[in-house]
Amino acid sequence: MADIKLPAGKVEELKEVCKKLGNEGGELINALHAAQELFGYLPAEVQELVANEMNVSVAHVYGVVTFYSFFSMIPKGEHPISICMGTACYVRGAEKVLDEFKRHLDVKVGETTPDGKFSISCLRCVGACGLAPVVTVGDKVYGRVAAEDVKGILEEYK
């Protein structure tokens with residue numbers, strides 16, 4: 001595995017965030033959120049940096065990153081797509097919607113398209129059950145999505 005060269009400006013910005021959090025292990029999740037916001041994902045190099053700054057072991061950081069589904073060790077696409085698989089969404093056809101996204105983009109859940117534009121993930125619940133099934137693309141929420149709507153949603157981002 002090749003080492004990733006982290007941009008110096010972002011490294012300094014992350015160090016500053018950790019300093020504002022008191023460099024305390026109890027603030028690890030907040031530091032990781034900031035790191036993912038800065039870098040887009042949490043490769044081993046970023047995890048090591050956070051561990052050093054927050055005075056915790058790299059193993060502890062890795063454990064937190066792999067436990068919480070919000071954190072990603074793989075770069076997400078420019079337009080990350082999340083399909084809600086909560087009960088209401090699932091019952092109303094979210095699986096068919098997911099299958100349609102996978103078919104159109106030719107990627108599996110957790111993967112990113114070769115051009116880096118899209119990635120697909122599943123969520124447990126978005127909290128918008130009345131709009132089921134729900135899909136998010138970045139920060140935009142789409143409600144009552146049917147398999148037939150997928151092509152149109154993707155066209156908005158091409």
Side-chain angles (χ1 to χ4, degrees), residues 1-87 89-90 94 97-98 101-102 104-129 131 133-143 145 150 153-158:
M1 183 169 126
D3 284 338
I4 297 170
K5 180 75 175 134
L6 300 176
K10 287 184 180 183
V11 167
E12 289 309 311
E13 199 173 332
L14 181 55
K15 285 182 177 182
E16 207 42 52
V17 167
C18 291
K19 188 176 178 182
K20 285 179 183 170
L21 294 171
N23 299 99
E24 291 185 28
E27 293 288 337
L28 178 59
I29 290 178
N30 290 326
L32 289 170
H33 277 292
Q36 184 159 291
E37 185 73 27
L38 274 170
F39 294 96
Y41 69 116
L42 300 171
E45 294 80 0
V46 171
Q47 291 180 48
E48 190 174 326
L49 173 63
V50 170
N52 290 335
E53 292 300 312
M54 300 306 283
N55 299 307
V56 297
S57 71
V58 176
H60 181 66
V61 171
Y62 178 78
V64 171
V65 168
T66 56
F67 180 79
Y68 292 103
S69 62
F70 174 82
F71 297 122
S72 176
M73 295 188 296
I74 301 167
K76 291 186 178 177
E78 182 184 338
H79 306 290
I81 300 167
S82 296
I83 295 90
C84 181
M85 288 297 185
T87 304
C89 289
Y90 189 83
V97 172
L98 172 61
F101 273 108
K102 292 189 316 191
H104 276 282
L105 298 173
D106 195 27
V107 294
K108 297 176 185 156
V109 172
E111 294 182 346
T112 301
T113 56
D115 64 3
K117 274 197 148 322
F118 299 99
S119 56
I120 298 179
S121 65
C122 293
L123 300 171
R124 282 292 128 219
C125 184
V126 175
C129 304
L131 297 175
V134 175
V135 171
T136 62
V137 181
D139 291 333
K140 188 169 180 182
V141 178
Y142 295 86
V145 178
V150 169
I153 290 171
L154 291 173
E155 288 297 322
E156 292 180 38
Y157 299 93
K158 297 254 174 172

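One-based numbering along the sequence shown. Because the structure is predicted, anything quoted here is derived from the model rather than measured.
Between the side chain of Thr112 and the main chain of Pro75, a donor-acceptor pair closer than 3.5 Å is present. At distances below 3.5 Å, not a single donor-acceptor pair connects side-chain atoms of Asn55 with backbone N or O atoms of Glu24. For Lys76 (side chain) and Ser119 (main-chain N/O), no donor-acceptor pair under 3.5 Å exists by modelled atom type. Using modelled atom types, no side-chain atom of Glu78 and backbone atom of Gly116 make a donor-acceptor pair closer than 3.5 Å. In this structure a side-chain-to-backbone donor-acceptor pair under 3.5 Å is present from Gln36 to Phe70. Between the side chain of Ser82 and the main chain of Leu123, no donor-acceptor pair closer than 3.5 Å is present.
Put simply, NE2 on His104 and CD1 on Ile153 are 10.0 Å apart, with the number rounded to the nearest 0.5 Å. Rounding to the nearest 0.5 Å gives a distance of 6.5 Å between SG of Cys18 and CG of Leu49. The CD atom of Glu27 lies 11.5 Å from the NE2 atom of His33; values are rounded to the nearest 0.5 Å. With rounding to the nearest 0.5 Å, the separation of CZ in Arg124 from OG1 in Thr87 is 8.5 Å. We find the CD-CD1 distance between Glu111 and Ile120 to be 8.5 Å, quoted to the nearest 0.5 Å. In this structure, the separation between CZ on Phe118 and NZ on Lys158 is 5.5 Å, given to the nearest 0.5 Å.
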Stepwise side chain to side chain contact (heavy atoms under 4.5 Å, CB included) test for Thr66 and Met73: CA-CA 8 Å; Thr66 56; Met73 295 188 296; 3.8 Å; yes
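Leu98 places a side-chain heavy atom less than 4.5 Å from the side chain of Met85. At a threshold of 4.5 Å between non-hydrogen side-chain atoms, the residues Tyr62 and Ser57 do not count as touching. With contacts defined as side-chain heavy-atom distances shorter than 4.5 Å, the pair Phe101/Val135 qualifies. Contact of the Leu14 side chain with the Lys10 side chain is not registered, since no non-hydrogen atoms from C-beta on lie closer than 4.5 Å. At least one side-chain heavy atom of Leu154 sits less than 4.5 Å from a side-chain heavy atom of Ile81.
Within 6.0 Å of atom CG in Asp106, 12 or fewer heavy atoms from other residues, nucleotides or ligands are found, so the atom counts as exposed in its surroundings. The environment of NZ in Lys20 is sparse: at most 12 heavy-atom neighbours from other residues, nucleotides or ligands sit within 6.0 Å.
Across every non-hydrogen atom of Val46 and Ala35, the tightest pair is CG1-CB, 3.8 Å.
Ring pair Tyr142/Tyr157 is perpendicular by interplanar angle, where above 60° counts as perpendicular and below 30° as parallel.
Scanning for ring-ring contact (aromatic ring centres under 6.0 Å, His included) contacts around Tyr90 gives an empty result, with sequence neighbours left out.
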